[in-house]
Amino acid sequence: MKRKLDREFYDRPTLKVAKELLGKYLVVKKGGHLLSGKIVETEAYDGFKDPASHAYKGTTPRNQVMFGAPGYAYVYLTYGMHHCLNLVTQKNGYPAAVLIRAIEPVDGIQLMKRRRGRRKLRDLTSGPAKLCQALGVDRRLNGEDLLSDGIFVEDRGEVPRRIARSSRIGVNDGKEKNWRFFFKGNEFVSR
DNA sequence: TGAATGATCACG
DNA sequence: GTGATCATTCAT
């Protein structure tokens, strides 16, 4: 049983969405290719009061999508060369999203290897920018509807186990919360 | 541990 | 316009 996540799934508290995305399948279809992977690591960026969020200081041209309706992709370039993929959550006007930090490769592994220039399965998608490169996600997908057929998340009926949480990677804030979720012991989790 | 690499944003 | 920063990755 496969079921594409609907708008209502994303229109909920961000921490809950971040946690429940674990074990779901991220699917990208483009140019006749089908690429997918099981989500094994996420991070929540929630609201106006989250200093680590791009939306902390209000709207800018880049973060517009975070303020928009739930169920859309927010893709940005960082360090001048790496893309990161987020899934926008909660209602229009409330800036929040979930960063997809790692997936376990499932469909299209040969193409992922070619794009990444790596042979080992573990090196393909074990980080937010790695998985974007493997799946061919870049800023052209910013603002893309996650209910479209080009990029979406699918429930394949699996029951997730062994979920752990920690502080977010690359976030240096005194009050940093445990807003990173991952499968304990999964080899595709970043770092 | 640090280089790569360029968009983004605050400042004025 | 300028300069600091960056939700990272890879090779040294």
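Chain letters run A, B, ... following the sequence lines, proteins first and then strands; every chain starts at 1.
Looking at E8(A) and Y10(A), their side chains never bring a donor and an acceptor atom within 3.5 Å of each other. In the model, Q90(A) has no side-chain atom that pairs as donor or acceptor with a side-chain atom of D11(A) under 3.5 Å. In this structure, a donor-acceptor pair under 3.5 Å is absent between the side chains of Q133(A) and R115(A). No side-chain N or O of Y25(A) forms a donor-acceptor pair with one of D107(A) less than 3.5 Å apart. Between the side chains of S190(A) and E41(A), at least one donor N or O lies within less than 3.5 Å of an accepting N or O.
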Write down the protein N/O and nucleotide N/O pairs, taken from nucleotides 3-5 of chain C, whose separation is under 3.5 Å; answer none if there are no such pairs.
none

Every protein N/O lying under 3.5 Å from an N/O of nucleotides 9-11 of chain B:
residue: dC9(B); atom: OP1; partner: T60(A); partner atom: OG1; Å: 2.2

Dump every N/O contact between nucleotides 3-5 of chain B and the protein below 3.5 Å, one line per pair.
residue: dT5(B); atom: O2; partner: Y79(A); partner atom: O; Å: 2.4

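Rounded to a whole Å, the CZ atom of F182(A) is 16 Å from the C1' atom of dA7(C). For the pair L99(A) CG and dC6(C) C1', the interatomic distance rounds to 13 Å; values are reported in whole Å. Remark: P of dC6(C) and OH of Y45(A) are 12 Å apart, rounded to the nearest angstrom. As rounded to whole Å, 8 Å separates atom C1' of dA7(C) from atom CZ of R168(A). We find that CD1 of I100(A) is positioned 16 Å from C1' of dT8(C), with the value rounded to whole Å. Atom CG of L77(A) is separated from atom P of dT8(B) by 8 Å (rounded to the nearest Å).
V40(A) and L85(A) fall within a single hydrophobic cluster, where Ile, Leu, Val, Met, Phe, Trp and Tyr side chains are chained together by heavy-atom contacts under 4.5 Å. Under a hydrophobic-cluster definition in which Ile, Leu, Val, Met, Phe, Trp and Tyr are linked whenever side-chain heavy atoms come within less than 4.5 Å, directly or via other members, L5(A) and L26(A) are assigned to the same cluster.
For DNA chain B, if you chain together Watson-Crick or G-U pairs that step i with j, i+1 with j-1 and so on, the runs of at least three with distances under 3.5 Å are B:1-4 with C:8-11, B:6-11 with C:1-6.
Ion pairing of R7(A) with D145(A) is present here, as a side-chain N (NZ or NE/NH1/NH2) and a carboxylate O approach within less than 4.0 Å. Between D149(A) and K4(A), at least one side-chain N (NZ, or NE/NH1/NH2) sits under 4.0 Å from a carboxylate O, which counts as a salt bridge. Here K38(A) pairs with E158(A) in a salt bridge; the nearest charged N to carboxylate O distance falls below 4.0 Å.
Proximity of residues 122-140 of chain A to DNA chain C (heavy atom under 4.0 angstrom from any strand atom) is restricted to G127(A), P128(A), A129(A), K130(A). Of the residues in residues 107-121 of chain A, those lying under 4.0 Å from DNA chain C by heavy-atom distance are R116(A), R118(A).
Taking the ring axis of F183(A) as reference, the NZ or CZ atom of R162(A) does not stay both within 45° of it and closer than 6.0 Å to the ring centre. Figure legend: R168(A) and Y45(A) shown as a cation-pi pair, the cationic atom lying under 6.0 angstrom from the six-membered ring centre and within 45 degrees of its axis. R62(A) forms a cation-pi arrangement with Y76(A), by the criterion of a distance under 6.0 Å to the ring centre and an angle within 45° of the ring axis. A cation-pi arrangement, defined by a distance under 6.0 Å to the six-membered ring centre and an angle within 45 degrees of its axis, is present between R180(A) and F182(A).
Between P105(A) and L121(A) the shortest heavy-atom distance is CG-O, 4.0 Å.
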message: Please determine whether side chain to side chain contact (heavy atoms under 4.5 Å, CB included) holds for the pair L124(A) and K113(A), giving the CA-CA distance in whole Å, both sets of side-chain angles, and the decisive distance to 0.1 Å.
response: CA-CA 7 Å; L124(A) 299 182; K113(A) 287 180 176 175; 3.9 Å; yes
- prompt: Please walk me through it: do D46(A) and Y94(A) pass side chain to side chain contact (heavy atoms under 4.5 Å, CB included)?
  reply: CA-CA 9 Å; D46(A) 184 14; Y94(A) 187 89; 2.8 Å; yes
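At dT8(C), none of the side-chain N or O atoms of R191(A) fall inside 4.0 Å of OP1 or OP2 (strictly under the cut-off).
Crowding of R122(A) atom CZ: a count of heavy atoms from other residues, nucleotides or ligands under 6.0 Å not exceeding 12.
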